[in-house]
K.L.:
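Pasting in a structure now, in structure tokens, and then I'll have a few things to ask.
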Amino acid sequence: MLVRDAMSTMVLTIGPDHTLRQAARLMSARHVGAAVVLDVDADGIGILTERDILNSLGAGQNPDFETAGRHTTTDVVYASPAWTLQDAAEAMAHGGFRHLIVLDEREPVGIVSVRDIIRCWAPDRRRHSTLAG
């Protein structure tokens, strides 16, 4: 199975000037754990995750004043829609993260998460255990 089969195509995109509270509200409303941060001035694509927001709150920072840009990961590993789910899982395990932005010709077309991969693999694992038993 490929990343394109598992990824979410509903990509939440925010700017670096969004506050962490604004980002959290948008992420919560859309039931997603990450947002793509587009910074046209820096000509880059980054990612802000729920963990980034949690770390800021844990450090006592004010979510109404902290911006997404200050907490965005910009050293991002991107996936291709043609990657296998195994490729994506290995990249996540190696990098220690749970979300990959999926790029097609330098444009974000989706996000694939550990949860997406598990949803795809779980039915196969149940079927194999039934056949083996």
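Note that the numbering runs from 1 along the sequence shown for the chain.
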K.L.:
Do you know the tightest heavy-atom contact between Leu2 and Ala82?
P.N.:
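In this case the closest contact between Leu2 and Ala82 is CD2-O, 3.5 Å.
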K.L.:
Passes side-chain contact (heavy atoms from CB on, under 4.5 Å), Ile111 versus Leu100? Steps please.
P.N.:
CA-CA 6 Å; Ile111 292 186; Leu100 284 170; over 6 Å; no
K.L.:
Tell me the closest heavy-atom pair linking Ala88 and Ile117, and the distance in Å.
P.N.:
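Minimum heavy-atom contact is CB-CD1, 4.0 Å.
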K.L.:
Tell me, which pairs form a salt bridge (charged side-chain N to carboxylate O under 4.0 Å, His left out) where one or both residues lie in residues 82-104, sequence neighbours left out?
P.N.:
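Sorted pair list: Glu50-Arg98.
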K.L.:
Could you walk me through whether Phe97 and Val76 pass the side-chain contact (heavy atoms from CB on, under 4.5 Å) test, one step at a time?
P.N.:
CA-CA 10 Å; Phe97 43 81; Val76 179; over 6 Å; no
K.L.:
Which atom names give the shortest non-hydrogen contact between Pro108 and Ile101, and what distance separates them?
P.N.:
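Taking every non-hydrogen atom into account, CB-CG2, 4.1 Å.
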K.L.:
Is there a path of hydrophobic side-chain contacts, each under 4.5 Å between heavy atoms, that joins Val32 and Leu54?
P.N.:
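No, because Val32 and Leu54 fall into different hydrophobic clusters, even though each may have its own neighbours under 4.5 Å.
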K.L.:
Residues in salt bridge (Lys or Arg N to Asp or Glu O under 4.0 Å) with Asp64, at least two apart?
P.N.:
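Listed in chain order: Arg21.
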K.L.:
Taking atom NE2 of His71 and atom CZ of Arg51, what is their separation to the nearest 0.5 Å?
P.N.:
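Separation between the atoms: 15.5 Å.
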K.L.:
Taking the side chain as every heavy atom from C-beta outward, state whether Val3 and Ser80 have any pair of such atoms under 4.5 Å apart.
P.N.:
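Val3 vs Ser80: side chains apart.
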K.L.:
Check Leu26 against Ile14 and note the closest heavy-atom contact, atom names and distance.
P.N.:
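Closest heavy-atom pair between Leu26 and Ile14: CD1-CG2, 3.9 Å.
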K.L.:
Please round to the nearest 0.5 Å and tell me the distance separating atom CD of Glu66 and atom CG of Leu57.
P.N.:
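Here the rounded value is 9.5 Å.
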K.L.:
Under the side-chain contact (heavy atoms from CB on, under 4.5 Å) criterion, do Val37 and Ile45 qualify, and how do the steps go?
P.N.:
CA-CA 6 Å; Val37 181; Ile45 299 172; over 6 Å; no
K.L.:
Starting from Leu12, can I reach Leu38 by hopping between I/L/V/M/F/W/Y residues whose side chains sit under 4.5 Å apart?
P.N.:
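Shared cluster, no.
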K.L.:
Which residues pass the salt bridge (Lys or Arg N to Asp or Glu O under 4.0 Å) test with Arg30, not counting sequence neighbours?
P.N.:
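Listed in chain order: nothing, the list is empty.
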K.L.:
So Val112 and Met92, side-chain contact (heavy atoms from CB on, under 4.5 Å) or not? Walk me through it.
P.N.:
CA-CA 10 Å; Val112 65; Met92 289 177 187; 4.1 Å; yes
K.L.:
Do the non-hydrogen side-chain atoms of Asp116 and Met7 ever get within less than 4.5 Å of each other?
P.N.:
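No - every pair of side-chain heavy atoms lies 4.5 Å or more apart.
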K.L.:
What's the separation between atom CZ in Arg106 and atom OH in Tyr78, rounded to the nearest 0.5 Å?
P.N.:
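Here the rounded value is 8.5 Å.
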K.L.:
Please examine the side chains of Cys120 and Asp5, heavy atoms only from C-beta on, and report whether any two atoms are closer than 4.5 Å.
P.N.:
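SC-SC contact between Asp5 and Cys120 ruled out.
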K.L.:
Which heavy atom of Ala68 sits nearest to which heavy atom of Gly15, and what is that distance?
P.N.:
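Closest approach of Ala68 to Gly15: CB-O, 3.8 Å.
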K.L.:
Looking at side-chain heavy atoms only, is the closest gap between Leu48 and Thr73 below 4.5 Å?
P.N.:
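A side-chain contact under 4.5 Å is absent here.
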K.L.:
Looking only at non-hydrogen atoms, find the nearest pair between Ala91 and Trp83 and report the distance.
P.N.:
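For Ala91 and Trp83, the tightest heavy-atom pair comes out as CB-CZ3, 4.0 Å.
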K.L.:
Any side-chain to backbone donor/acceptor pair from Gln22 onto Thr19? Under 3.5 Å, distance only.
P.N.:
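Pair found, side chain donor or acceptor close to backbone of Thr19.
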K.L.:
Tell me, do Ile47 and His99 make a side-chain contact under 4.5 Å, heavy atoms counted?
P.N.:
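A side-chain contact under 4.5 Å exists here.
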